[in-house]
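Order of listing sets the numbers, starting from 1, for every ligand and every atom in it.
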Amino acid sequence: MSAQGRLVVVSNRIGDPRKAAAGGLAVALSDALTANGGLWFGFSGNTVDTSVRDEDRLHLQSAGSVQLATLDLSREDVDTYYFGFSNQALWPAFHYRLDLADFSRGFIEGYWRVNRLFARTLAPLLRADDVIWVHDYHLIPLASELRALGCTQRIGFFLHIPLPPPPILVAIPSHDVLMRALFDYDLVGLQTRTDQLHFERYVLDEAGGERLEGQRYALGGRSVCARTFPIGIDVDEFQRLAQTREALKTLAELRQQYATRRLLVGIDRLDYSKGLPQRMRAFRELLATHPEYRKSATLIQIAAPSRETVHAYEDIRRELEALSGEINGNFGDTGWMPVRYLHRTWARRKLPGLYRSACVALVTPLRDGMNLVAKEYVVVQDAQDPGVLVLSRFAGAAESMPEALLVNPYDIPATAQALRRALSMSLAERRERHAALMTSIRRDDVHAWRRDFLRALTDLWQPDLLQAMPA
Ligand code: ADQ
């Protein structure tokens, strides 16, 4: 990034650079913000009455060299922009679940209204040489709204979730307006080559745009560069976390408690995209078809509460409770519960201990932008005696982690078979796969992701080029 440019990060919710326990992404963005001085802008999480003026909704505070700016929203804004269009329309549709999408008109209006409000409140805080990095599906129209207010700064956008193929995208009402809004950015970052291909197909086949040199696309007189930047984790930070007293204590306790068992672990937000019922059914199938694992294999599934006011999330919660109860009822014994299902967030500092105690991790989403749990599990394994990662081919992570045991989570018997293979894999094969996975996880770590994205955004900045674009 240029020496003078300040970084401005905009995301639905912000992280606090002063809090060390924030997690890889928040830490990586905080590092970038701190390096050049910066501003992090987002929703405060607080709701206020609609009558409160814009300037009274904005809160500014300093965290070292970083300025944090948070905005209060009205209850209606949160219901329509956040719970509504973002999480009941875009989230399911972008995860290929049109059956769960609700495209109510009020949701769409609220989504654009809040993006306009973000732009109106952010614009006066910007400097001419700022570099702006907008995150995720909540804020797709933000660049359009900023441009409408006369902002000419470099603006990049990163989509953390998948971009579905055109046949799904076109089912979203006003998909053309939404997709055209991406052309007000200078750079659009996607998680995988598959997502990039979907973007390209949409622009060329559906919108009548054209492909230019250097992964640039032109549409309606504007152009944008769309590229793949696979997100990763902070490998060193997570490995250090694994050496802390708390992580080691968790590991020792789990090892003692499950001394005679083989542990399988699943860690997720409770979300229908994560394939949790299919995962439990695959585990049930393993127990049904391979009795030798009864009384020995135990699945610990931690599912963090998420978006609980949305109906689809209540449904998935009930389904999981019923399934884990059924498996325990049918296969359990007085001294052995096959499934330990916990509906809670597991403290981050204890996560490495849990990962390390498990000889198999199940990361089997039906669709996922990347999935960082897959990477976290691998990097804290003992390289001399590593566990095995069973990974859905539909997680973005699968594109760069072919050495995991890749599965189709919809195929329950095949996933059960992969679990059996994971549980019986030779030490030599486990080591070989682990070493290969470590190489790609280190290469694509969170620092490389941030560096590559910001470098691309900075390199692209050639105003003359933008004006010379074909109509
Ligand atoms: P998420 O859907 O939240 O993120 P993921 O990448 O799996 O998905 O997890 C993010 C973080 O949450 C990880 O660091 C993980 O340890 C933590 N986490 C998950 N479940 C937890 C639990 N039960 N208890 C404690 N911690 C838990 C979105 C996209 C992903 C993409 C990320 C980053 O949906 O596809 O990988 O953003 O771009």
What do the steps show when you test I300 against Y258 for side-chain contact (heavy atoms from CB on, under 4.5 Å), and what is the final call? CA-CA 11 Å; I300 298 186; Y258 293 96; 4.1 Å; yes
List ligand 1 atoms under 4.0 Å from [X], heavy atoms only on the residue side.
X	value
R348	14 (O)
A304	22 (C), 23 (N)
V373	7 (O), 15 (C)
D368	30 (C), 34 (O), 35 (O)
I302	23 (N)

Does an N or O from [X], backbone or side chain, lie closer than 3.5 Å to an N or O of ligand 1?
X	answer
G369	yes
D268	yes
T345	no
M370	yes
Q191	yes

Can [X] and [Y] be counted as an ion pair, charged N to O under 4.0 angstrom?
X	Y	answer
D445	K375	no
D195	R367	no
R281	E285	no

Does only the side chain of [X] get under 4.0 Å from ligand 1, or the backbone, or both, or neither? Count heavy atoms.
X	value
I233	neither
R344	backbone
K274	side chain

Name the option, out of [options], that contains the heavy atom nearest to [atom].
atom	options	answer
atom 27 (C) of ligand 1	L159, I267, V363, I231	I267
atom 26 (N) of ligand 1	W449, Y137, W346	W346
atom 37 (O) of ligand 1	Q301, K350, H160	H160

Quick one, L90 and F85 - any side-chain contact, counting heavy atoms below 4.5 Å? yes
Please check: side-chain N/O of S86 versus main-chain N/O of H138, any donor-acceptor pairing under 3.5 Å? no
Heavy-atom donor-acceptor pair, N12 side chain to H135 backbone, under 3.5 Å: no
Inspect the surroundings of CD in E432 and state if more than 12 heavy atoms from other residues, nucleotides or ligands are less than 6.0 Å away. no
Is the closest heavy-atom distance from W91 to ligand 1 below 4.0 Å? yes
Interatomic distance, OG1@T458 vs CZ@R154, rounded to 0.5 Å, equals 5.5 Å
Between atom CZ of R75 and atom OG1 of T80, what is the distance when rounded to the nearest 0.5 Å? 10.0 Å
Would S296 and W336 count as having a side-chain donor-acceptor pair, cut-off 3.5 Å? no
